[in-house]
Amino acid sequence: MPAHAERVKDLASVAGVRSNPLVGYGLVVGLDGSGDQTSQAPFTVQSLKSLLNQLGVTVPAGVNPQLKNVAAVAIHAELPAFAKPGQVIDITVSSLGNAGSLRGGSLLMAPLKGADGQVYAIAQGNVVVGGLGVSGKDGSRVSVNVPSSGRIPGGAQVERVVASSFDVGPEIELNLHTPDFTTAARLASGINQLLGGDFARAHDPVTVAVRAPAEPAARVAFLAELENLDVQPGEGAARVIVNARTGTVVVGNKVRVLPAAVSHGTLSVTISEKPSVSQPEAFSRGETVVVPRSSIEVSQTGGKMFVIDGGVSLDDLVRAVNQIGASPGDLVAILEALKQAGALRAELVII
């Protein structure tokens, strides 16, 4: 296997083979008094009335049950590609109102819909909550993690198949996770060498089209062979990534610096207040007052200068910066100054 080579399945995905988000609304019942406060979440009562009406139970008009064991929840899940009716998927249940905890609750049957508004799965089951919430009568509360959200493993059953373009057309398309002209060209070349012909061509830095068998079983075997092909991806552009909030700096191995001299120092200004009391002389009818007295100190430490030779590597740059004891925040300032001076041969990305 070539050095630093990666499998096709780690570099690209097959066009049309993807998961689809599902969302739904439902009620979690059986809570131990930690459900929605119906005066502040009236939609919970409305939902319960509608559910009871569908089950043949009519709640008299004007009657609003004061519930403590019911919570309105949002349900979301990912429908995997090629999921078939009867298969089960995991779902996540999150409180919509002011329920304190969903621990011990059960989700009643609720439909899950796709972006087209069609029902693709039916959810129901017991909620598993990893968090813990305990409150006292005096208003004190202790919470561990988030008890108002939980999961139901295998909590939804697939009811409808999502159409896929996997077996449509004479070609399949491989889309690179990271756009790169070099990687796309190498991927097409590697596939052609493996198959011994002109089967693949790169459309752009993302998409590589491959001629594939029309019969579904043969196409599956064809892709199984392709996705285990080893391809050496192209090296990324020279970049320096700076997180201004945390001070994290990531420098790519292709970053180069032109000859430059860098001076690094720390200027600190200290202002201290030392008020003094001024008392009048005896029988002078004066008043005792507090006189402000400020002391200002300005000190500058460091001030070291170091020289960076042209074409230095990442190791040399880091070693030079460490010699002057620069913190991550100081390193950001140095890199920005080098970029402005035209000495940093890299893209500086601030996130």
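These figures come from a predicted structure and were not determined experimentally.
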From CA spacing to verdict: side-chain contact (heavy atoms from CB on, under 4.5 Å), S50, Q46: CA-CA 6 Å; S50 177; Q46 295 173 5; over 6 Å; no
Excluding sequence neighbours, so at least two apart, what forms ring pair (Phe, Tyr, Trp, His ring centres under 6.0 Å) with F166? F82
Do L11 and P233 have side chains that get closer than 4.5 Å, going by heavy atoms? yes
Any chance CG of N53 has more than 12 other-residue heavy atoms, nucleotides or ligands included, within less than 6.0 Å? yes
Give a yes or no on whether L108 and V88 share a hydrophobic cluster (residues Ile, Leu, Val, Met, Phe, Trp, Tyr; joining criterion: side-chain heavy atoms under 4.5 Å apart). no
Given side chains that start at C-beta, do those of P85 and R160 come closer than 4.5 Å, heavy atoms only? no
My understanding is that only one of R211, R219, R201 makes a salt bridge (charged side-chain N to carboxylate O under 4.0 Å, His left out) with E171; could you say which? R201
Keeping T183 on the side-chain end and G234 on the backbone end, is there a donor-acceptor pair under 3.5 Å? yes
Give me the atom names and distance for the closest heavy-atom approach of G16 to S164. O-OG, 3.5 Å
Under a single-linkage definition using a 4.5 Å side-chain heavy-atom cutoff for Ile, Leu, Val, Met, Phe, Trp and Tyr, are V119 and V158 assigned to the same hydrophobic cluster? no
Would you indicate whether the side-chain heavy atoms of K84 and V161 approach each other to under 4.5 Å? yes
Atom CG of L226 and atom NZ of K9: how far apart are they, to the nearest 0.5 Å? 12.0 Å
Give the cluster check for V162 versus L22: same hydrophobic cluster or not, with ILVMFWY residues linked at side-chain heavy-atom distances below 4.5 Å. yes
Between OG1 of T44 and CD of Q37, what distance do you get to the nearest 0.5 Å? 10.5 Å
Sole residue of V70, L51, L67 in side chain to side chain contact (heavy atoms under 4.5 Å, CB included) with V29: V70
Non-hydrogen atoms of T92 and R151 that approach each other most closely: OG1-NH1, 2.9 Å
Taking all heavy atoms of A184 and all of V208, pick out the closest pair and write down the distance. O-CG2, 3.7 Å
If you compare all heavy atoms of L187 against all heavy atoms of L174, which two are closest, and at what distance to 0.1 Å? CD2-CD1, 4.3 Å
Can you tell me how far CG of L31 sits from CG of N69, rounded to the nearest 0.5 angstrom? 6.5 Å
Find out if a path of hydrophobic residues (ILVMFWY) with successive side-chain heavy-atom gaps under 4.5 Å connects L229 to V206. no
Do V127 and S106 come within less than 4.5 Å of each other through their side chains, counting heavy atoms only? no
Closest heavy-atom contact between P213 and A218? CB-CB, 3.7 Å
I'd like a table of donor-acceptor pairs (distance under 3.5 Å, sequence neighbours excluded) in which one partner is a side-chain atom from residues 339-349, with atom names and distances.
from: K339; atom 1: NZ; to: A346; atom 2: O; distance (Å): 2.7
from: R345; atom 1: NH1; to: G342; atom 2: O; distance (Å): 3.2
from: E347; atom 1: OE1; to: R239; atom 2: NE; distance (Å): 3.1

Within a radius of less than 6.0 Å around NZ of K68, do more than 12 heavy atoms belonging to other residues, nucleotides or ligands occur? no
Reported CE-to-CD distance for the pair M109 and Q157, which is rounded to 0.5 angstrom: 11.5 Å
Do V220 and F222 belong together in a cluster built from hydrophobic side chains that touch within less than 4.5 Å? yes
Give a yes or no on whether the backbone of D36 and the side-chain of N98 come within a donor-acceptor separation of less than 3.5 Å. no
Residues which pass ring pair (Phe, Tyr, Trp, His ring centres under 6.0 Å) with F43, listed by chain and number, not counting sequence neighbours: none
Show your working on side-chain contact (heavy atoms from CB on, under 4.5 Å) between L107 and L27 and close with a plain yes or no. CA-CA 6 Å; L107 174 68; L27 293 175; 6.0 Å; no
At their closest point, which heavy atom of I75 faces which heavy atom of Y25, and how far apart are they? CD1-C, 4.1 Å
Hey, is CD on E159 packed in by over 12 heavy atoms from elsewhere, all under 6.0 Å? yes
Rounded to the nearest 0.5 angstrom, the CG-CD1 distance for L79 and I89 is 5.5 Å
Any side-chain to backbone donor/acceptor pair from N192 onto F199? Under 3.5 Å, distance only. yes
To the nearest 0.5 Å, tell me how far L96 CG sits from S47 OG. 9.0 Å
